[in-house]
*Asks:* 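Have a look at the structure that comes next, please.
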Amino acid sequence: MAAPPAMKAPARRRTMLLALGVACVLVVSWAMGLVWFVRDARRPPRMPPPCDGAVALTGGQGRIEASLQLMARHRAGQLLISGVDPHATLGDFLTRTPRLLPLDVWLHTTLGRQATSTLGNADETAQWVRAHDIHSLIVVTAGYHIRRAMMEIARAAPGVRLYPFAVQPPALAHPHRLATWRLLVVEYDKWLLACVDTARWTRPVHGLIHHDDTRPAAAAVTP
């Protein structure tokens with residue numbers, strides 16, 4: 001026998017209230033996580049201890065210059081610049097670097113030309129650390145990108161000690177702009193997805209769905 005309509009209404013109401021409650025908890029949790037993420041992204045970098053190597057992930061201002069300065073300060077013995085344009089050379093970086101650096105820095109710098117995304121950066125870095133017997137690594141990228149980059153590199157190169165060096169790009173100097181908040185929300189959502197490793201689940205189409213996270217052109221990889 002079917003339940004009377006008077007009995008179905010309270011059941012539907014309880015289901016709707018439960019769904020609304022779950023949705024509110026999810027939204028509040030997401031918002032609180034975003035606040036933490038923004039504060040973390042804007043945190044000034046700490047000088048890492050001396051390491052075997054460093055990797056700079058291209059795609060934003062200041063990353064390459066910061067990694068070269070770490071090399072000049074003897075914080076890393078080897079440097080990988082991951083995700084450069086296929087036609088870029090060390091000479092391009094040498095002529096566009098505003099400060100004079102020791103020749104030894106350039107002799108121990110490798111240009112990685114395979115990566116076109118953060119996932120690709122991690123794979124390229126893993127190959128490089130194995131080839132150069134790297135056991136400790138400084139990761140240089142933007143503050144809003146450092147968490148995701150560290151996570152993907154840790155997965156690709158387990159056993160390597162990672163130290164973050166988060167560069168503060170110009171966008172983070174204006175946190176109240178709509179474009180900055182849009183960037184931070186997108187990067188926060190990407191980090192959440194990276195926490196469940198969705199990128200590797202969708203690896204065959206990863207390059208197709210990450211158009212905004214691709215390798216820059218030669219003119220855009222300058223520090």
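All values below were derived from every heavy atom in this structure, side-chain atoms included, with hydrogens, water molecules and symmetry-related copies excluded.
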*Asks:* Under a 3.5 Å distance rule, please check whether Asp92 uses its side chain to pair with a backbone N or O of Thr89 as donor and acceptor.
*Replies:*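 Yes; judged by distance alone, with no hydrogens or angles, the pair exists.
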*Asks:* Stepwise, does the side chain to side chain contact (heavy atoms under 4.5 Å, CB included) test hold for His132 with Thr110?
*Replies:* CA-CA 11 Å; His132 291 78; Thr110 302; 4.2 Å; yes
*Asks:* If you take all heavy atoms of Phe165 and Ala66, which pair is closest and at what distance?
*Replies:*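 What the structure gives for the nearest pair is CE2-CB, 4.0 Å.
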*Asks:* Linking Ile, Leu, Val, Met, Phe, Trp and Tyr by side-chain heavy atoms under 4.5 Å, what else ends up with Leu137?
*Replies:*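 Leu137 clusters with Val55, Leu57, Leu80, Trp128, Val129, Ile134, Val139, Ile146, Met150, Ile153, Val160, Leu162.
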*Asks:* Decide yes or no for Thr109 and Phe93: does some side-chain heavy atom of the first lie under 4.5 Å from some side-chain heavy atom of the second?
*Replies:*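 Side-chain contact under 4.5 Å: no.
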*Asks:* Got a sec: does the CE of Met47 have more than 12 other heavy atoms crowding it under 6.0 Å?
*Replies:*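 Yes, because the 6.0 Å sphere around CE of Met47 holds more than 12 heavy atoms from other groups.
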*Asks:* Give the cluster check for Ile81 versus Leu70: same hydrophobic cluster or not, with ILVMFWY residues linked at side-chain heavy-atom distances below 4.5 Å.
*Replies:*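 Different clusters: Ile81 never reaches Leu70 through Ile, Leu, Val, Met, Phe, Trp or Tyr contacts under 4.5 Å.
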*Asks:* For Gln61 versus Pro170, what's the shortest heavy-atom pair and its separation?
*Replies:*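 Heavy atoms of Gln61 and Pro170 come nearest at OE1-CG, 3.4 Å.
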*Asks:* Heavy atoms only: give me the nearest Pro102-Ala72 pair and the separation to one decimal.
*Replies:*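 In this case the closest contact between Pro102 and Ala72 is CD-CB, 4.3 Å.
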*Asks:* Other hydrophobic cluster members with Met32, side-chain heavy atoms of Ile/Leu/Val/Met/Phe/Trp/Tyr under 4.5 Å, chained?
*Replies:*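 Traced through the cluster, Met32 reaches Val28.
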*Asks:* For Arg161 and Ser136, indicate whether the former's side chain and the latter's backbone hold a donor-acceptor pair under 3.5 Å.
*Replies:*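 No: the side chain of Arg161 does not pair with the backbone of Ser136.
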*Asks:* Quick one: hydrophobic cluster around Leu20, which other residues, with the 4.5 Å side-chain cut-off, linked directly or via members?
*Replies:*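 Leu20 clusters with nothing; isolated.
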*Asks:* Which heavy atom in Met71 sits nearest to a heavy atom in Gly77, and how many Å separate them?
*Replies:*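 Shortest heavy-atom contact: CE-O, 3.9 Å.
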*Asks:* Please enumerate all residues that pass side-chain contact (heavy atoms from CB on, under 4.5 Å) together with Ala54, with sequence neighbours excluded.
*Replies:*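 Partners of Ala54 by the side-chain contact (heavy atoms from CB on, under 4.5 Å) criterion, ordered by chain and then number, come out as Ala76, Leu79, Ile138.
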*Asks:* Over all heavy atoms of both residues, which pair between Ser82 and Asn121 is shortest? Give the atoms and the distance, please.
*Replies:*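 Answer, listing the atom of Ser82 first, then Asn121: OG-ND2, 2.8 Å.
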*Asks:* Roughly how far, to the nearest 0.5 Å, is CD of Glu187 from CG of Leu192?
*Replies:*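 These two atoms lie 11.5 Å from each other.
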*Asks:* Between atom CG of Leu103 and atom CG of Leu107, what is the distance when rounded to the nearest 0.5 Å?
*Replies:*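 One gets 4.0 Å once the value is rounded to the nearest 0.5 Å.
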*Asks:* For Gln69 and Leu101, run side chain to side chain contact (heavy atoms under 4.5 Å, CB included): C-alpha distance rounded to whole Å, both residues' side-chain angles, the deciding distance at 0.1 Å, then the answer.
*Replies:* CA-CA 8 Å; Gln69 290 302 318; Leu101 296 172; 3.5 Å; yes
*Asks:* Would you compute the distance between atom CG of Leu193 and atom CZ of Arg148 and round it to the nearest 0.5 angstrom?
*Replies:*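 The CG atom of Leu193 sits 9.0 Å away from the CZ atom of Arg148.
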*Asks:* Please report the closest heavy-atom contact between Ala122 and Ala156, naming both atoms and the distance.
*Replies:*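 Smallest heavy-atom distance, with atoms named: O-CB, 3.5 Å.
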*Asks:* Flag the pair Cys195 / Met151 as yes when at least one side-chain heavy-atom distance between them is below 4.5 Å, and no otherwise.
*Replies:*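 Yes, close enough: below the 4.5 Å cut-off.
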*Asks:* How long is the straight-line distance from CZ of Arg73 back to CG of Leu68, given to the nearest 0.5 Å?
*Replies:*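 The CZ atom of Arg73 is 12.0 Å from CG of Leu68, to the nearest 0.5 Å.
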*Asks:* Assess the residue pair Thr118 and His145 against the criterion (side chain to side chain contact (heavy atoms under 4.5 Å, CB included)); give the C-alpha distance rounded to whole Å, side-chain angles, the decisive distance to 0.1 Å, and a yes or no.
*Replies:* CA-CA 9 Å; Thr118 302; His145 186 228; 2.8 Å; yes
*Asks:* Keeping the roles fixed (side chain from Tyr144, backbone from Pro169), state whether a donor-acceptor pair exists under 3.5 Å.
*Replies:*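 Not at all, since once roles are kept as given, no pair shorter than 3.5 Å links the two residues.
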*Asks:* Rounded to the nearest 0.5 Å, what's the gap from OG1 on Thr58 to CG on Asp85? Could you check?
*Replies:*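 Going from OG1 on Thr58 over to CG on Asp85, the span is 9.5 Å.
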*Asks:* Out of curiosity, Arg182 CZ to Arg177 CZ, how far, rounded to the nearest 0.5 Å?
*Replies:*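 The CZ atom of Arg177 is 12.5 Å from CZ of Arg182, to the nearest 0.5 Å.
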*Asks:* Would you give me the side-chain donor-acceptor pairs under 3.5 Å for residues 34-43, sequence neighbours excluded?
*Replies:*
residue	atom	partner	partner atom	Å
Asp40	OD1	Arg147	NH2	3.0
Asp40	OD2	Arg147	NE	3.0

*Asks:* Judged by atom type as modelled, is there a donor-acceptor pair below 3.5 Å linking the side chain of Arg75 to the main-chain atoms of Pro48?
*Replies:*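 Pair found, side chain donor or acceptor close to backbone of Pro48.
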*Asks:* Do Gln114 side-chain atoms and Glu124 backbone N/O form a donor-acceptor pair below 3.5 Å?
*Replies:*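 A pair under 3.5 Å: no.
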*Asks:* Tell me every residue that passes ring-ring contact (aromatic ring centres under 6.0 Å, His included) with Trp106, counting only those two or more places apart in sequence or in another chain.
*Replies:*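 None.
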